[in-house]
Amino acid sequence: MSKITLLLSYLDGSRFLFDLGLLVLIWMVQLIVYPSFKYYADKKLLAWHETYTKRIAILVIPLIFGQLITGILQLYEAINWYTATSIILIVGVWVSTFAQFVPMHSKISKGAATPVLLNRLVGLNWIRTVLWSWLFVLSCFKLFY
């Protein structure tokens, strides 16, 4: 097995693991974590949100950077439908996160959570849920077919 083939195999496996981790994480956030925010009183939400964001960052940051780095390396090694589509979806998640979710979480952190904001958080998170789900499906096809 050549070094290039070994590297590509390693990248595909790593991407699959990053995509799997993010798939599980986003579905838990979408179905459990974000909807639960509605059940906290204002001060309790503020306290929980501070704890939640610090803890979730420990999981999210390595996964999203791992996914981005392996996606870029895969694109560098071969430009094809899989790598191009993957990068487009990964960039879509990053844009959605920083354009939509960072500002919403900032408002929650400042004690400005409203029912409308919390509903918007859940509703818009479907974008990331779908994008990360598609990334996982692509990784499955790449790795197993």
Working for side-chain hydrogen bond (donor to acceptor under 3.5 Å, both in side chains), residues Q100 and N125: CA-CA 9 Å; Q100 296 172 314; N125 198 52; over 6 Å; no
Non-hydrogen side-chain atoms of [X] and [Y] separated by less than 4.5 Å:
X: L22; Y: I26; answer: no
X: I90; Y: R15; answer: yes
X: I108; Y: L118; answer: yes
X: L23; Y: S133; answer: yes
X: L68; Y: I64; answer: no
X: N80; Y: T83; answer: yes
X: Q67; Y: V93; answer: no
X: F141; Y: F136; answer: no

Return the [atom1] to [atom2] distance between [X] and [Y], rounded to the nearest 0.5 Å.
X: T70; Y: L75; atom1: OG1; atom2: CG; result: 11.5 Å
X: L135; Y: L89; atom1: CG; atom2: CG; result: 4.5 Å
X: L124; Y: T129; atom1: CG; atom2: OG1; result: 10.5 Å
X: L121; Y: Q30; atom1: CG; atom2: CD; result: 8.5 Å
X: T97; Y: M104; atom1: OG1; atom2: CE; result: 9.5 Å
X: K142; Y: T85; atom1: NZ; atom2: OG1; result: 12.5 Å

Which heavy atom in [X] sits nearest to a heavy atom in [Y], and how many Å separate them?
X: S109; Y: L46; result: O-CD1, 3.1 Å
X: S139; Y: Y82; result: OG-OH, 3.7 Å
X: L63; Y: G21; result: CD1-C, 4.0 Å
X: P35; Y: V29; result: CD-O, 3.7 Å
X: P62; Y: A57; result: CD-O, 3.9 Å
X: A112; Y: L117; result: O-CD2, 3.9 Å

Centroid-centroid distance, W94 to F98, less than 6.0 Å: yes
Validation row, ring centre W132 to ring centre W126 under 6.0 Å: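 When the ring centroids of W132 and W126 are compared, they turn out to be at least 6.0 Å apart.
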Is there a path from [X] to [Y] through hydrophobic residues (I, L, V, M, F, W, Y) whose side chains come within less than 4.5 Å of each other?
X: L20; Y: I32; answer: yes
X: I58; Y: I69; answer: no
X: W27; Y: Y52; answer: yes
X: I79; Y: Y76; answer: no
X: V33; Y: L59; answer: yes

Ring geometry between [Y] and [X] (parallel below 30°, tilted from 30 to 60°, perpendicular above 60°):
X: F144; Y: F16; answer: perpendicular
X: W48; Y: Y40; answer: parallel
X: H49; Y: H105; answer: parallel

Heavy-atom neighbours of K38 NZ exceed 12 at 6.0 Å: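 Yes, because the 6.0 Å sphere around NZ of K38 holds more than 12 heavy atoms from other groups.
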Pair T114-K107, side chain to side chain contact (heavy atoms under 4.5 Å, CB included): steps then yes or no: CA-CA 9 Å; T114 64; K107 286 180 182 178; over 6 Å; no
Chi angles and distances behind the side chain to side chain contact (heavy atoms under 4.5 Å, CB included) call for Y145, C140: CA-CA 8 Å; Y145 296 103; C140 286; 5.6 Å; no
